[in-house]
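Before any comments, here is the structure.
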Amino acid sequence: MEHVTTRDGARVIRLPLRLFPGLRGYAHLVVTQDALLLVDTGSGLPESNHDLVEGLKAAGDVLGRSVTLADVDAILITHGHIDHFGGLPFVRQHTRAPIYVHELDVRVLSRFEERTALATRDLAIFLQRAGVREERRRQLMEMYGFARTFYRSVPVEGVLHEGQRFAGFDILHVPGHCPGHVCLCREDVMLVGDHVLPHTSPHLSPESITRYTGLGHYLESLERLASFATGVKVALGGHERAMTDVIDRAREIRQRHMEKLQEVLDICREPRTIVEISLARYSRRHGYEVLLALTETGAHVEYLYERGYLKVANLEEVEGDPSAPILYQRIDRPLTFA
Ligand SMILES: [Zn+2]
Ligand SMILES: [Zn+2]
């Protein structure tokens, strides 16, 4: 069992989970002097629930006592993505421990059906303007709504805010990858959810689909993490290995986004739709990855457009037909960053 101890003696034990076919990750059990805290719950699929229960058993071996879901005092969700909170309905069958999440993600957990319906509508508008054809659009939206088939809303008892202390951890609000994303920091250990990962650059979507996402918020949140994490020796994410170099990794991800923005500008020497930009940047993608590539490209295009590096090349057409795909073209102006 992989585990770390904070300088002041709290223990964090990693619970490895099979989240979805092809996606693995972690929930974390935090053990302080007077409380057991479960951070994230997995996806809610049978393998994930199974691994969570087995992980707690194994954590009990590390601690020298039995640990089950019934022993958990509080559940904290790092952010409102299904691979992190989807296990809540299952966990709820075994414990009445209160659920905590940042205020901007409360509705995702507690009014899931409503939130998915609205986000799906805004995704449809995004895909249409991006230049995705109707048949393809229908397929992509079906994939997007997949979680609706197995998740049921749960009530949320506790709301997290920036700057709050929770069980000895400082709560840091880092919007971008998800609106209500939080990191938890205690002494030299940080739980970073999906805000920074060691191998993968965390996925981004445009704010036109969900507010408080987008590249602008994300880059600001990377800066926040870097200024907060100076004393951090180990950072544990929701996927992949533990990081001993989280500040360097945050800088590396930032740098990679800068290169991606330049790449988009190069592609947009000629007028291009988001679909065309996405095809030019990524090798052939399949299934859900198509949606990830399109929304990530959308986040980069949105960032550049809002900051005056791109213009709409087919304005007359867009004025005449609000559903017409938008063609973006580079404005001749060098890309600079704060
Ligand atoms: Zn996530
Ligand atoms: Zn995740």
Side-chain angles (χ1 to χ4, degrees), residues 12 14-28 38-45 47-49 51-52 55 75-88 90-91 99-102 104-109 112 115-116 119 123 143-147 150-151 160 171-184 190-207 209-215 217-219 221-222 224-225 235-243 246 249-250 253 257 287-289 291-296 298-299:
V12 183
R14 307 200 88 188
L15 312 175
L17 307 174
R18 290 167 293 167
L19 298 167
F20 290 110
L23 183 68
R24 286 170 180 268
Y26 294 91
H28 292 91
L38 180 64
V39 179
D40 290 338
T41 61
S43 67
L45 290 192
E47 305 81 69
S48 176
N49 293 339
D51 291 353
L52 186 63
I75 302 157
L76 191 146
I77 302 297
T78 57
H79 65 294
H81 284 167
I82 193 76
D83 54 323
H84 297 257
F85 74 81
L88 281 173
F90 169 75
V91 169
I99 298 166
Y100 291 81
V101 69
H102 187 272
L104 287 176
D105 282 351
V106 170
R107 75 189 191 294
V108 182
L109 279 50
F112 182 74
R115 194 267 170 178
T116 310
L123 175 71
M143 268 184 237
Y144 186 74
F146 159 70
F150 66 89
Y151 182 78
L160 299 172
I171 301 291
L172 190 66
H173 180 216
V174 288
H177 172 69
C178 190
H181 200 305
V182 296
C183 293
L184 285 79
M190 203 170 196
L191 294 172
V192 294
D194 288 357
H195 181 45
V196 177
L197 297 171
H199 303 296
T200 308
S201 181
H203 174 256
L204 298 179
S205 280
E207 270 201 276
I209 302 173
T210 306
R211 303 273 304 141
Y212 287 93
T213 60
L215 181 62
H217 285 296
Y218 183 68
L219 293 178
S221 294
L222 283 183
R224 292 244 25 235
L225 174 118
L236 304 169
H239 310 268
E240 307 176 357
R241 66 166 171 80
M243 291 171 277
V246 70
R249 179 58 186 150
I253 293 172
H257 279 297
Y288 203 74
E289 289 187 342
L291 197 55
L292 295 181
L294 281 171
T295 45
E296 178 109 0

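This chain uses plain numbering: 1 for the first residue, then up along the sequence. All of these numbers come straight from a predicted model, not from anything done at the bench. When a ligand or atom number is given, it counts from 1 through the structure's own listing order.
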(message) Just by distance, no angles: are the side chains of His177 and His81 close enough, under 3.5 Å, to form a donor-acceptor pair?
(response) yes
(request) Check all N, O or S atoms of His239 and name the one closest to the Zn ion (ligand 2). (result) NE2
(request) Taking Asp40 for its side chain and Thr78 for its backbone only, find out whether a donor-acceptor pair lies under 3.5 Å. (result) yes
(message) At less than 2.8 Å, how many protein N/O/S atoms surround the Zn ion (ligand 1)? Leave waters out.
(response) 4
(request) Kindly write out the residues that satisfy salt bridge (Lys or Arg N to Asp or Glu O under 4.0 Å) with Arg115, not counting sequence neighbours, or none if the list is empty. (result) none
(message) Angle between ring planes, Tyr218 versus His257, binned at 30° and 60°: parallel, tilted or perpendicular?
(response) perpendicular
(request) Begin with the C-alpha distance, continue with both residues' side-chain angles, and end with the deciding distance and a verdict on side chain to side chain contact (heavy atoms under 4.5 Å, CB included) for Thr200 and His239. (result) CA-CA 9 Å; Thr200 308; His239 310 268; over 6 Å; no
(request) Measure the spacing between CG of Leu104 and CG of Leu160 and express it to the nearest 0.5 Å. (result) 11.0 Å
